[in-house]
Amino acid sequence: MTNAGEQAEILALRYLESQGLKLITQNYRCRYGEIDLIMRDAKVIVFTEVRMRKSNAFGGALASIDSHKQRRILAAARHYLSEQRGSPLCRCDVVLLNAVSEQGIEWIQNAFTE
């Protein structure tokens with residue numbers, strides 16, 4: 001049985017694949033942090049944070065990705081890139097799922113940078 005976080009990642013993955021992205025790896029972990037999904041969008045590596053909230057209290061899903069969380073994602077992304085050959089283009093995206101929203105999934109490309 002999967003928990004809500006795993007279900008959110010599955011929904012986000014399916015959505016991104018329907019938009020033409022290809023999965024590289026899921027739940028990449030290193031000492032700096034975790035990246036939910038690493039995808040490829042043509043020649044761009046996309047580091048994706050998935051967030052789901054059942055309520056819009058406290059700002060909803062987007063507000064939960066604070067500057068501390070962004071720094072951890074960026075550090076993990078740098079670590080991942082250090083293991084790759086070359087210097088690929090990359091970006092950090094966010095996929096938001098709000099259980100109370102009728103909009104369903106919101107995909108924010110280039111959500112944050114260093």
Side-chain angles (χ1 to χ4, degrees):
M1 178 172 241
T2 60
N3 64 34
E6 291 169 341
Q7 289 175 349
E9 284 183 19
I10 290 167
L11 289 171
L13 174 59
R14 287 181 185 155
Y15 176 79
L16 293 173
E17 287 176 332
S18 77
Q19 301 300 308
L21 280 70
K22 305 287 184 215
L23 179 66
I24 296 173
T25 191
Q26 193 167 357
N27 298 316
Y28 174 80
R29 288 182 178 85
C30 67
R31 65 184 178 147
Y32 301 108
E34 179 195 359
I35 300 172
D36 295 328
L37 302 170
I38 300 179
M39 310 285 295
R40 181 171 294 282
D41 185 4
K43 295 182 179 182
V44 179
I45 293 179
V46 181
F47 300 101
T48 308
E49 177 68 8
V50 178
R51 287 297 173 123
M52 183 170 95
R53 291 289 182 258
K54 293 182 180 179
S55 153
N56 285 328
F58 308 108
L62 183 58
S64 71
I65 307 171
D66 60 14
S67 60
H68 175 73
K69 180 65 175 174
Q70 290 177 25
R71 283 192 303 273
R72 290 185 58 83
I73 293 168
L74 290 168
R78 281 191 298 275
H79 185 268
Y80 175 84
L81 290 172
S82 73
E83 299 172 336
Q84 307 305 304
R85 294 180 187 214
S87 299
L89 298 173
C90 60
R91 69 175 192 252
C92 293
D93 290 2
V94 173
V95 175
L96 306 172
L97 297 100
N98 285 306
V100 296
S101 172
E102 293 181 14
Q103 295 177 356
I105 297 175
E106 182 179 2
W107 177 25
I108 303 172
Q109 296 181 37
N110 247 349
F112 55 90
T113 59
E114 290 190 86

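Owing to the predicted nature of the structure, the values given are computational and were not obtained by experimental measurement.
Sequence neighbours left out, the pairs with a member in residues 89-98 that pass salt bridge (Lys or Arg N to Asp or Glu O under 4.0 Å) are D41-R91, R91-D93. Within the structure, ring-ring contact (aromatic ring centres under 6.0 Å, His included) contacts touching residues 11-30 (residues at least two apart or in different chains) are Y28-Y80.
Residues passing the salt bridge (charged side-chain N to carboxylate O under 4.0 Å, His left out) test with R31, sequence neighbours excluded: none. Scanning for side-chain hydrogen bond (donor to acceptor under 3.5 Å, both in side chains) contacts around R14 gives an empty result, with sequence neighbours left out. The salt bridge (charged side-chain N to carboxylate O under 4.0 Å, His left out) test applied to E34 returns R29, not counting sequence neighbours. Considering only residues two or more places apart in sequence or on other chains, R71 meets the side-chain contact (heavy atoms from CB on, under 4.5 Å) condition with S67, H68. Residues passing the side-chain contact (heavy atoms from CB on, under 4.5 Å) test with R85: none are found, sequence neighbours excluded. Among residues two or more places apart in sequence or in another chain, the side-chain contact (heavy atoms from CB on, under 4.5 Å) test is passed with L11 by L97. Checked against side-chain hydrogen bond (donor to acceptor under 3.5 Å, both in side chains), D36 has no partners two or more places apart in sequence or in another chain.
Considering CD1 of I45 and SG of C92, their distance stands at 11.5 Å, rounded to 0.5 Å. Here CD1 of I38 is found 12.5 Å from CG of L21. Values are rounded to the nearest 0.5 Å. Here the straight-line distance linking atom CG of N27 with atom CG of L37 works out to 7.0 Å at 0.5 Å rounding. The CD atom of E9 sits 8.0 Å away from atom CD of E49, with the distance rounded to the nearest 0.5 Å.
L81 and P88 make their closest contact through CD2-CG, 3.7 Å (heavy atoms, listed as atom of the first residue, atom of the second, distance). Of all heavy-atom pairs between V95 and A12, the closest is CG1-CB, 3.6 Å.
Between Q109 and Q19, every side-chain heavy-atom pair lies at or beyond the 4.5 Å cut-off.
In terms of hydrophobic clustering, with Ile, Leu, Val, Met, Phe, Trp and Tyr side chains grouped at heavy-atom distances under 4.5 Å, F47 and Y32 are assigned to different clusters. Under a hydrophobic-cluster definition in which Ile, Leu, Val, Met, Phe, Trp and Tyr are linked whenever side-chain heavy atoms come within less than 4.5 Å, directly or via other members, I108 and L74 are assigned to the same cluster.
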Show the numbers, then the answer: is there a side-chain contact (heavy atoms from CB on, under 4.5 Å) between V94 and F112? CA-CA 9 Å; V94 173; F112 55 90; 4.0 Å; yes
Before giving the answer on side-chain contact (heavy atoms from CB on, under 4.5 Å), spell out for I24 and M39 the whole-Å C-alpha distance, their side-chain angles and the decisive distance to 0.1 Å. CA-CA 5 Å; I24 296 173; M39 310 285 295; 5.8 Å; no
